[in-house]
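Throughout, a chain's letter reflects where its sequence line sits, starting with A, and its residues are numbered from 1. Note that the structure is a prediction, hence the values are computed from the model and not measured.
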Number of protein chains: 2
Amino acid sequence: MRADAADMPEFSPRQNAVLEQALRLLVQGGEKALTTSGLARAANCSKESLYKWFGDREGLLAAMIAHQASKVRTFERSGERLTADLLRDHLELFARDLLEVLAGDVSLALNRLAIGQATREGSKLGKLLLEHGRRQIDRRAMALIDQGKRAGLLRFDNADAAYHTLYGLIVSDLHVRMLLGEPGLKDNARQAERAVGAFLSLHGTQKQSADALGVSAGR
Amino acid sequence: MRADAADMPEFSPRQNAVLEQALRLLVQGGEKALTTSGLARAANCSKESLYKWFGDREGLLAAMIAHQASKVRTFERSGERLTADLLRDHLELFARDLLEVLAGDVSLALNRLAIGQATREGSKLGKLLLEHGRRQIDRRAMALIDQGKRAGLLRFDNADAAYHTLYGLIVSDLHVRMLLGEPGLKDNARQAERAVGAFLSLHGTQKQSADALGVSAGR
DNA sequence: GCAGAACCGTACCGTACGGTACGCAAAAGG
DNA sequence: CCTTTTGCGTACCGTACGGTACGGTTCTGC
């Protein structure tokens, strides 16, 4: 499912290839490795073309974010009837996907770039990153928990607050730690289980066993 | 209470004043505003002195982190006997303090600096920031929840996991959003209440009312 | 096959950074 | 009072970046 074809200026295949090289340079060497000269050399294009296509350096960075976001479309199937087990499975799948996305090389590099650029007054890059990269995954989770509520499996008044609770339980401070250079989790699935168990204990309509809270050491 | 006087080379008053100016520049204009020439001009010192005192630019950044960390010592009183209400109060105080620290100008600027510097292989700055800035607040929270467990008010097997749960409930994705330039919460206290309520519902030994979970819209 | 656009490679320009060197004033110390 | 140290202000150097200009080459439309 393509979202809003006329949303943003899409780029030619050649330009997409250049943007791919730009992402590669950024991932490998950080922001300082992403120079116009270096990109032109790596992508076998001229600096003049870069400025013709993307305007200036900030335009290039914005194009990189849009390009990356265009690659991570989230499917919104789930027309099926929800059961408690199914809801738990979907929540855990969401949690694992979220952890995997946040730990991805490109995601971390782009977030580092935007954060390094930001000051206390919001940078353009930060806004772009939040809107393009986050809206998709936010919508998926919101639709899921909303569906859970309509099926009588979840209870909450504020869907936004409930989603933030879920997000916090899944991610905790892991994202910032990874942005700072720390390795990351050994087992995303286990963390997903724990987080979803806690979330269902807080907002589920069926009571959860203590096991699901990670209180037992056996899991 | 001074922690480990011989921990790190402390700086002379003059040097501390220079570091203060460096933090001011960093907060106001981001990393690009923190140049050796600019700092020398702002602090009325010579570039030569900067290099004599701090070695090179990275040494200066490390010194800034150490200097800032030396200002936020956390008190560890709490010899008193814990009750359920007292535990909740202390947890909420911790949550408010945590949110306030994370939203601070200097904290955000230093985190942005370290994150902008980092690559997938941990940067020195990131490690420094996590160890100096985080250890204090981590210890405070760990001591608190450990005390809660010993008093029979909390139940969990893994104190570390429980602390990460608390942290996630308090902060969620707020830290990253602020790092990206978003404004921040209007009401830290309310968020603290919600998070602690959820935490106690998960790990407390006394059952919580639905009100405490933020399920009711009235709060 | 030809005109025009698109594009590549390279050279170039101005600027600003990190880091060093030097001259001189002010404090420290005996 | 003289010497030594410390540090300020400035000038300087090499480098590397963002951005522009230009000649030559490939692609495109007619």
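- Arg120(B) contributes a side-chain N or O that, together with a main-chain N or O of Gln28(A), makes up a donor-acceptor pair within less than 3.5 Å.
- Taking side-chain N and O atoms only, Ser49(B) has a distance below 4.0 Å to OP1 or OP2 of dC8(D).
- Listed nucleotides dG19(D), dG19(C), dC8(C) differ in distance to Tyr51(A); the shortest reach to its side chain belongs to dG19(D).
- dC13(D) atom P lies 13 Å from atom NZ of Lys47(B), rounded to whole Å.
- In this structure a side-chain-to-backbone donor-acceptor pair under 3.5 Å is missing from Arg177(A) to Gly184(A).
- Put simply, CG on Leu39(A) is 13 Å from P on dG19(D), counting in whole angstrom units.
- Rounded to whole Å, the distance from NZ on Lys32(B) to C1' on dT15(C) is 16 Å.
- Taking atom CZ of Arg41(B) as the reference point, atom P of dA11(D) lies 12 Å away to the nearest angstrom.
- Counting only heavy atoms from C-beta outward, the side chains of Gln117(A) and Leu61(A) approach each other to under 4.5 Å.
- Of the listed nucleotides (dG18(D), dA6(C), dC8(D)), dG18(D) has the atom at the smallest distance from the side chain of Arg57(A).
- Sequence order on DNA chain D of the closest nucleotides to Thr35(A) and Ala40(B) puts Ala40(B) first from the 5' end.
- Between Thr36(A) and dG19(D) there is no side-chain N or O to OP1 or OP2 distance below 4.0 Å.
- Closest approach to the Asn44(A) side chain among dG18(C), dG9(C), dA6(C) is made by dG9(C) (side chain taken as heavy atoms from C-beta onward).
- Counting heavy atoms from C-beta on, the side chains of Asp173(B) and Val171(A) never come closer than 4.5 Å.
- Ring pair Tyr167(B)/Tyr163(B) is perpendicular by interplanar angle, where above 60° counts as perpendicular and below 30° as parallel.
- For Trp53(A), the listed nucleotide lying nearest its side chain is dC7(C); candidates were dC7(C), dG18(D), dT20(C).
- The distance from atom CD of Glu31(B) to atom P of dC17(C) is 12 Å, rounded to the nearest whole Å.
- For the OP1/OP2 pair of dT26(D) and a distance below 4.0 Å, the side-chain nitrogens and oxygens of Arg14(A) include no atom meeting the criterion.
- In this structure, the CG atom of Leu50(A) is 12 Å from the P atom of dT20(D), given to the nearest Å.
- Rounded to a whole Å, the CZ atom of Phe54(A) is 14 Å from the P atom of dG19(D).
- Residue side chain Glu48(B) reaches the base of dC22(C) through a donor-acceptor N/O pair under 3.5 Å, judged by distance alone.
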